[in-house]
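Report on the following structure.
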Amino acid sequence: MTLFYQELYKLVTEGLAELQASQDAGKTPVNPVSEAHYISAWVTKAIKQHRYEHCMAKTLMQWQQQARSMGQHAQLRLLFENLAETYAGIMDDQHVAHTITDANFQAFCQQLEQQDWQVTTEYEINRKVKHHTDGQASLVVCCKKLDEAFDVVEGQSKKGLVKPLSIFIRGNTQALIDAAFANGLLLYKVTDYKSIVKYHGEYIIHPDNNGNHLPELPTRQQ
């Protein structure tokens, strides 16, 4: 079975490699306008040729629409580079994602607490609730869902993430995304604001970071 993250990584790395080859051959000038035109045409060709697995169809169509409506401002080359770097950071040399363990998640929570976030994981959330933070950045996770999400993974001594886990957040989203990535986690946005926890957005952590759409991207390291 083709995994979304592997096919996405394949797509963006091949797109970037073919752009570079075209530039090296003198066919595509090295400037933002020419690069944007190349990537746009490359995406359209990939769609017409059914070059990638069906799980990429929706993403490719979105990129095609962005390129047509925004031109170089769609910044698809930059997006390709960001995605390639992000996924490379959560995979091994064979392009297989590292298992997300309960240790990864605990380290993520501890890093947020060090950044003065209020982390709440001890209560069950089975209906819409209010969570008062007095303005402090907040991460809320249902204790029952957290316990169910992690189980012993075959061949490993630590518990791994076996079910998607929703987290509810209110605060600096980019800081949250960066802290997650620093601990091997990618976040997939459901909503920015309205969720079952009042005033909190909802994000999902998927087993093996294998969501079915683009993740939130961490800040690039210069």
Side-chain angles (χ1 to χ4, degrees), residues 4-5 8-9 12 59 62 66 70 73-91 97-98 100-125 127-147 149-150 161 163-222:
F4 181 90
Y5 76 86
L8 179 60
Y9 182 74
V12 296
T59 301
Q62 289 174 340
Q66 289 172 8
M70 301 172 66
H73 297 294
Q75 296 187 307
L76 290 184
R77 175 177 182 165
L78 179 62
L79 177 60
F80 278 29
E81 291 174 342
N82 286 354
L83 286 166
E85 291 175 8
T86 297
Y87 278 100
I90 56 95
M91 298 188 301
H98 301 296
I100 296 174
T101 67
D102 55 347
N104 291 124
F105 186 78
Q106 292 303 322
F108 165 54
C109 292
Q110 290 169 7
Q111 183 169 334
L112 290 180
E113 288 178 333
Q114 291 168 0
Q115 296 175 4
D116 202 31
W117 282 61
Q118 182 184 107
V119 177
T120 305
T121 61
E122 62 267 33
Y123 303 112
E124 188 172 343
I125 303 170
R127 56 182 175 80
K128 195 168 184 66
V129 297
K130 292 182 179 180
H131 184 68
H132 300 288
T133 64
D134 295 325
Q136 188 177 10
S138 168
L139 168 71
V140 179
V141 186
C142 171
C143 62
K144 182 179 179 181
K145 297 294 185 184
L146 181 59
D147 184 61
F150 287 93
L161 186 67
K163 294 182 179 179
L165 176 66
S166 288
I167 65 173
F168 303 95
I169 74 105
R170 184 181 186 184
N172 185 320
T173 304
Q174 194 60 53
L176 176 90
I177 294 164
D178 291 346
F181 183 68
N183 292 286
L185 313 175
L186 298 183
L187 302 183
Y188 293 80
K189 182 168 69 177
V190 177
T191 172
D192 278 321
Y193 184 61
K194 292 183 178 180
S195 72
I196 194 171
V197 181
K198 195 170 184 179
Y199 303 131
H200 286 59
E202 180 181 0
Y203 291 76
I204 294 178
I205 302 170
H206 288 276
D208 300 322
N209 287 311
N210 187 41
N212 58 6
H213 58 91
L214 299 187
E216 300 302 296
L217 294 175
T219 303
R220 294 186 74 183
Q221 301 299 314
Q222 300 298 324

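Once rounded to the nearest 0.5 Å, the distance linking CG of Leu186 with CG of Asn209 reads 4.0 Å. Distance CD1/Ile169 to CD1/Ile177: 8.0 Å, rounded to 0.5 Å. Separation of atoms CZ (Arg220) and CD (Glu85) is listed at 4.0 Å; rounding is to 0.5 Å. Between the CG atom in Leu187 and the CZ atom in Phe181 there is a gap of 11.0 Å [rounded to 0.5 Å]. The structure places CD of Glu122 at 11.5 Å from SG of Cys142, a figure rounded to the nearest 0.5 Å. Here the straight-line distance linking atom NE2 of His206 with atom CZ of Phe4 works out to 10.0 Å at 0.5 Å rounding.
Residues Ser195 and Val190 fail the side-chain proximity criterion, which asks for heavy atoms closer than 4.5 Å. Using a 4.5 Å cut-off on side-chain heavy atoms (C-beta onward), Tyr87 and Leu8 make contact. Here the side chains of Leu165 and Val141 are in contact, with some heavy-atom distance below 4.5 Å. Residues Phe105 and Ile205 have side chains in contact (heavy-atom distance under 4.5 Å, counting atoms from C-beta outward). Counting heavy atoms from C-beta on, the side chains of Phe108 and Leu139 come closer than 4.5 Å.
Of the charged side-chain nitrogens involved, none lies within less than 4.0 Å of a carboxylate oxygen, so that Glu124 and Lys145 do not count as a salt-bridged pair.
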For this session: Verify side chain to side chain donor-acceptor pair (under 3.5 Å) between Asp178 and Gln174, making sure each step is shown before the conclusion.
Result: CA-CA 6 Å; Asp178 291 346; Gln174 194 60 53; 3.1 Å; yes
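Side-chain contact annotation: Thr191 with Glu202, donor-acceptor N/O pair under 3.5 Å absent. One side chain, Ser138 or His200, offers a donor N or O that lies under 3.5 Å from an acceptor on the other.
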